[in-house]
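Naming: A, B, ... by sequence-line order, numbering from 1 per chain. This is a predicted model, so every value here is computed, not measured.
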2 protein chains.
Amino acid sequence: MNAALELAATTRSLASLGLREVARQAGLNPNTFYRHFKDFDDLGVAMLDELGAELRGGLRERRMRPAAKGFRLSDLSDPAEGLAQAQALARESVGLVLDFVMDHREAYIVGIRELHGTSPVMRKAMRDMLEGIAQDMTEDLLGVLKLPGVEHDELIEIARVIVRQMVFFSMDYLEEPSRQKQIKRDAERFILLLFWGAIAARQPGLLAQAGLKFPDV
Amino acid sequence: MNAALELAATTRSLASLGLREVARQAGLNPNTFYRHFKDFDDLGVAMLDELGAELRGGLRERRMRPAAKGFRLSDLSDPAEGLAQAQALARESVGLVLDFVMDHREAYIVGIRELHGTSPVMRKAMRDMLEGIAQDMTEDLLGVLKLPGVEHDELIEIARVIVRQMVFFSMDYLEEPSRQKQIKRDAERFILLLFWGAIAARQPGLLAQAGLKFPDV
DNA sequence: GCGCGGGGTATACAATCGTCTACCGGCACA
DNA sequence: TGTGCCGGTAGACGATTGTATACCCCGCGC
């Protein structure tokens, strides 16, 4: 698996790897590959299991860190408070994801490639992992902050959108080191815009005074 | 180019195509390839130029269609009116993109694959095209609707985010035909949430009454 | 009338590929 | 004490690949 990652980091595609190639890199006989994996998909899934678990676990853990925990408040009805928490949480989570991708540069790039890649198996595995992260995020958010009137079903939709958008932000972050601060800012802002929209959309009375009504899509 | 597209639609990756393979499919001699393209990147860019122009042009054209034009109002200061327009425009544009990807299924899938693919050249070409679409969208939006207080710089940020998110929505749309109505709804809702957030964030007086203030990121 | 170059072809080359069959050492376990 | 099997090896197979060299024909411009 290490050999495959090293090769993919330069060749930059798992599917395009030859099994002889990785065997050579690993200093093993080509046939030995079959002793461990039946497919290249098999290898890919195994790698994703490792790295994916690390990312997902890391995200959860860091969401529970002091910095985040400091914002844990019990049920609060003040929307402004909720928004302030959302901001802090967004900043924490964005920083965390971007740190992770910097720490696992090659693995991350290779992984993202598989997200729209050739193998249906890998595509599904990647999607499932992103979905899992979105689920985690929803759960954590529900526990940590109360966005007034925003329920689970709505929150997970938002979480999915955030996770997917972070794929792009992360790629930019890796590929344009000079713009990293700016990108981080944009990502945070994007998330807040969504929360802001979600809160406002569910507070009809709040904006009704101005003649505004969120369209019922 | 047709041969390459046909092959990529089944093999589903441009980079993984062999030049002998496409030559065979095209009924030509392998070496003939070199008479037209020096690289596979070269071929890819040529294909993207064709299809990309069609998508981009189609989008602009359909944004100017009667259905969209009906919503063209001159400078209006009523935010509610702006939001209603935004909704109609979002619906029109989403429908348009999703129609296009349905009409160019294979080409679209192949293209998206290159967005995070192996070749730096193709990646850049794809990014540039998406950026172009975002620019178009910004321009059109500025012409058609006035979101109070939302300026060009802010709008293009939103446009970029929308375009990228539509990449995912489109893939879902293609791969889960049974959920198409739902996906279309989600996409529209996502866009509205953004606009909603943008409007609200720029109307401090509007929500200040409720003690809300959009954080200054 | 001639040259030349653009599009197309034929053949050949060395590499690499995935897979098949067969062999082997060691460890677990009966 | 023996027997399986797990991880690793060796060699060979036919297929396919990218590219190099060389030949070809048609049409256009001088």
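Annotation: F37(B) is in aromatic contact with F33(B) [ring centroid separation under 6.0 Å].
Contact detail for S170(A) and V97(A): the closest heavy-atom pair is OG-CG1, 3.8 Å.
Rounded to the nearest 0.5 angstrom, N2(A) CG and M47(A) CE are separated by 8.0 Å. Atom CD1 of I162(B) sits about 13.0 Å away from atom CZ of R164(B), to the nearest 0.5 Å. Atoms CG and OH, on D99(B) and Y173(B) in that order, are 6.5 Å from each other to the nearest 0.5 Å.
Remark: C1' of dG18(C) and NZ of K38(A) are 15 Å apart, rounded to the nearest angstrom. In this structure, F33(B) atom CZ and dA20(D) atom P are separated by 14 Å, rounded to whole Å. What separates CZ of F37(B) from P of dT19(D) is a distance of 15 Å, to the nearest Å. In this structure, the CG atom of L19(A) is 19 Å from the P atom of dA15(D), given to the nearest Å. Between Y34(A) atom OH and dA10(D) atom P there is a gap of 17 Å when expressed in whole angstrom units. As rounded to whole Å, 16 Å separates atom P of dT16(D) from atom CZ of R20(A).
Comparing dA10(C), dT9(D), dT19(D) against the side chain of L28(A) picks out dT9(D) as the nearest. Nearest nucleotide to the R35(B) side chain, out of dG18(C), dA10(D), dG7(C): dG7(C). When distances run from any side-chain atom of H36(A) to the nucleotides dG7(D), dT9(C), dC17(C), the shortest one goes to dG7(D). Listed nucleotides: dT19(C), dA12(C), dT9(C). Nearest to the side chain of N29(B): dT9(C). Listed candidates were dT19(C), dT9(C), dT17(D). Nearest to the side chain of R24(B) is dT17(D).
Fit an axis to the five pairs at each end of the helix from dG1(C)-dC30(D) to dA30(C)-dT1(D) and the two axes sit 10° apart, to the nearest 10 degrees.
No donor-acceptor contact under 3.5 angstrom links the side chains of Q135(A) and E139(A), judged on distance only.
Contact annotation: side chain of N31(A) to base of dG7(D), donor-acceptor pair absent below 3.5 Å.
The residues R160(A) and D172(B) are annotated as not salt-bridged, no charged nitrogen and carboxylate oxygen being separated by less than 4.0 angstrom.
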